[in-house]
Number of protein chains: 2
Amino acid sequence: MNDVHIYEHDQDGLLYDPRARAAMGRFAEGEADLPAFEAAAALRTAYHAVERMRAHGSEGRGVSAGALDVLIRLSATERGISIGDLARAAGVSSRNVTGLVDTLERDGLARRVPDPKDRRSVLAEITPAGRAWVEAFRKPSQLAMRAMFRGFSPEDVLTFRDLCLRLAANQQRLADHLRQTGSSRP
Amino acid sequence: MNDVHIYEHDQDGLLYDPRARAAMGRFAEGEADLPAFEAAAALRTAYHAVERMRAHGSEGRGVSAGALDVLIRLSATERGISIGDLARAAGVSSRNVTGLVDTLERDGLARRVPDPKDRRSVLAEITPAGRAWVEAFRKPSQLAMRAMFRGFSPEDVLTFRDLCLRLAANQQRLADHLRQTGSSRP
DNA sequence: GTTAATTATGAATGACGTACATATTTACGA
DNA sequence: TCGTAAATATGTACGTCATTCATAATTAAC
């Protein structure tokens, strides 16, 4: 991969991406909106960074990002979780979760069991092999996390989480609003 | 889509995702590492939120996230940008950019011109139709950005950008280090 | 007890991103 | 200067993520 990001420090000492600023500068047009565009671009960059990290960490272990997300949720419970609940928790379509559980099942890390309470529903359940996988993944994952957040104060980490979720909540609100006014789908 | 995120407020007043915390809690094992895992999960959520937003904004316009990124960079310059430079600026593989430029070219929003200085290189250049597209996209995009960052103070936006880029820089450093020590590829 | 909503999944689609191989061209060093 | 190494874009192949639409099975509602 050819990836040579060079960031610089603002007069405030805050990091920014000169190339992104140059690209967005003309587009944002008003100086007032430029920081938001820069922040959105930075979010995209950061996401790819952790994805690359995660891909490296689970390299050769054959579990991808989405599947890992499901597996960790499964590892937190004794009884299984239904496909629909997993989808709602992760914020993706249930069809997507079906596929992720497929791959986990193919790898022997999870299994499907019928829901005794609802015969339409299927519970995904972690297997002993899945628990072993999670256990083996835990330590390197912790180390990777610490490396990723090196230089972050505890408050920085909490602030980062808060800002991310506020973004997500805004989008959520907006999508609900658009759905009600029926701007996109009547 | 079935997506009902419910976040709650910490005792500090900061947002967190109870489901993510429950899932990560057992995995992180040490209380010290839990916030980092929560932050990483929140980043993933936020990324999906803006992607969904972007998808809605450019709905029916036939330009996807990656292609939009390239197009905006092209719109910021008079002369073209080489595939390799675009790849380095966006932090993705050059092969990927080749595909993105393919779709932009197919839609008539960009074109390829030979680089007069280097006959191996190909410059991607925005077309008048591409400029018109960007122009039409500008206004709704600004509105969407403002909606996404509603409730953010100017400092919040800058802080968010800084934290994202610090994450990316850490990953960059880490990847370089791993490449040198040859842990993954000798 | 018939109709409507929910649940998971099959089928099809598309975007994203990677690795590997290759042809062309440039750069460099003996 | 000649020959080897590096860079550039792209063809081929692959895998993942995520979506929509349709469908069968089951539950809920009236």
Side-chain angles (χ1 to χ4, degrees), chain A residues 1-4 44-45 47-49 51-52 54-56 58-71 80-88 90-107 112-124 184-185, chain B residues 1-4 44-45 47-49 51-52 54-56 58-59 61-71 80-88 90-107 112-124 175 184-185:
Chain A
M1 266 269 307
N2 31 11
D3 184 4
V4 189
R44 187 174 153 85
T45 302
Y47 171 76
H48 283 139
E51 277 309 307
R52 213 165 288 152
R54 173 145 46 192
H56 181 93
S58 63
E59 191 176 28
R61 296 172 204 255
V63 170
S64 63
L68 180 59
D69 192 87
V70 168
L71 190 58
I81 308 177
S82 78
I83 304 285
D85 284 348
L86 283 170
R88 278 181 287 273
V92 297
S93 70
S94 65
R95 184 61 186 87
N96 188 15
V97 173
T98 293
L100 296 176
V101 173
D102 281 348
T103 72
L104 286 175
E105 200 164 29
R106 169 170 50 77
D107 296 344
R112 283 176 163 88
V113 295
D115 186 338
K117 302 221 182 79
D118 187 339
R119 287 162 60 194
R120 292 169 301 181
S121 182
V122 172
L123 300 182
S184 130
R185 190 81 47 80
Chain B
M1 265 267 310
N2 32 12
D3 183 5
V4 189
R44 187 175 155 85
T45 302
Y47 170 77
H48 283 138
E51 276 310 306
R52 213 164 288 152
R54 172 145 46 192
H56 181 92
S58 63
E59 190 176 28
R61 297 170 204 255
V63 169
S64 63
L68 179 59
D69 193 87
V70 169
L71 189 59
I81 308 177
S82 80
I83 304 285
D85 283 348
L86 283 169
R88 277 182 287 274
V92 297
S93 69
S94 64
R95 183 62 187 87
N96 189 15
V97 173
T98 293
L100 296 177
V101 173
D102 281 348
T103 72
L104 286 176
E105 200 164 29
R106 169 169 50 74
D107 295 345
R112 284 176 163 88
V113 296
D115 185 339
K117 302 222 182 78
D118 187 339
R119 287 163 59 194
R120 291 170 300 181
S121 181
V122 172
L123 300 182
S184 130
R185 189 82 47 79

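Atom set for the values below is all heavy atoms of this structure, side chains included, hydrogens, waters and symmetry mates excluded. Everything numeric in this text was worked out from a predicted model, so none of it was measured. Lettering follows sequence order; numbering is per chain, from 1.
In terms of position on DNA chain C, the residue among A:R44 and A:S82 whose nearest nucleotide sits closer to the 5' end is A:S82. Nearer to the 5' terminus of DNA chain C, by closest-nucleotide assignment, is the contact made by A:V101 (compared with the other of B:A67 and A:V101).
When all heavy atoms are compared, the tightest approach of B:R44 to A:G66 is NH2-CA, 3.8 Å. A:S82 and A:L123 get closest at one heavy-atom pair: N-CD2, 3.6 Å. Heavy-atom minimum distance, A:T103 versus A:A67: OG1-CB, 4.1 Å. Among all heavy-atom pairs drawn from B:I83 and B:S94, the shortest one is CG2-O, 3.8 Å. The nearest pair of heavy atoms linking B:A90 to B:D69 is CB-OD2, 3.9 Å.
Legend: residues meeting side chain to side chain donor-acceptor pair (under 3.5 Å) with B:N96, ordered by chain and number and at least two apart, are absent. With sequence neighbours left out, A:R112 forms a side chain to side chain donor-acceptor pair (under 3.5 Å) with A:D102, A:E105. Scanning for side-chain contact (heavy atoms from CB on, under 4.5 Å) contacts around B:R95 gives B:S93, B:T98, with sequence neighbours left out.
One can place CG of A:L123 at 11 Å from P of C:dT9, the figure rounded to the nearest angstrom. Atom OH of B:Y47 is separated from atom P of C:dA15 by 15 Å (rounded to the nearest Å). Here the C1' atom of nucleotide D:dA7 and the CG atom of B:D115 are 13 Å apart, to the nearest Å. When rounded to the nearest whole Å, the span between CD of B:E51 and C1' of C:dG17 equals 13 Å. Between the CG atom of B:L100 and the P atom of D:dT10 there is a distance of 12 Å, rounded to whole Å. As a whole-Å value, the separation of B:N96 CG from D:dG11 C1' is 15 Å. In this structure, the CG atom of B:L86 is 11 Å from the P atom of D:dT10, given to the nearest Å. In this structure, the CD atom of A:E105 is 9 Å from the P atom of C:dT9, given to the nearest Å.
For A:H48, counting side-chain heavy atoms from C-beta on, the closest listed nucleotide (D:dT20, C:dG17, D:dC17) is C:dG17. Closest contact between the side chain of B:R88 and the listed nucleotides C:dT9, D:dT8, C:dA15 involves D:dT8.
Under the 4.0 Å criterion applied to side-chain N and carboxylate O atoms, B:D118 and B:R120 are assigned as salt-bridge partners.
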message: Could you walk me through whether B:D115 and B:V122 satisfy the side-chain contact (heavy atoms from CB on, under 4.5 Å) test, starting with their C-alpha distance in whole Å, then the side-chain angles of each, then the deciding distance to 0.1 Å, before giving a yes or no?
response: CA-CA 5 Å; B:D115 185 339; B:V122 172; over 6 Å; no

- request: Kindly indicate, with the supporting measurements, whether the criterion side-chain contact (heavy atoms from CB on, under 4.5 Å) is fulfilled by A:H48 and B:Y47.
  value: CA-CA 9 Å; A:H48 283 139; B:Y47 170 77; 4.1 Å; yes

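If you check every strand for non-hydrogen atoms under 4.0 Å, B:T103 touches nothing.
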- prompt: Base, backbone or nothing for each nucleotide of nucleotides 23-30 of chain D, written B, S, -, heavy atoms under 4.0 angstrom, 5' to 3'?
  reply: --BBS---

Any N/O pairs under 3.5 Å between the protein and nucleotides 1-4 of chain D? List them or say none.
none

All N/O pairs under 3.5 Å across the protein-nucleotides 11-14 of chain C interface:
unit_1: C:dA11; atom_1: N6; unit_2: A:R95; atom_2: NE; d: 3.4

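We find the OG-CG distance between A:S64 and A:L104 to be 8.0 Å, quoted to the nearest 0.5 Å.
Listed pair B:S121 / D:dT8 fails the phosphate criterion, with no side-chain N or O lying under 4.0 Å from OP1 or OP2. In this model, the phosphate group of C:dC16 is approached by a side-chain N or O of B:S64 to a distance below 4.0 Å at OP1 or OP2. Between A:T98 and the phosphate of C:dT9, there is a side-chain N or O to OP1/OP2 separation shorter than 4.0 Å.
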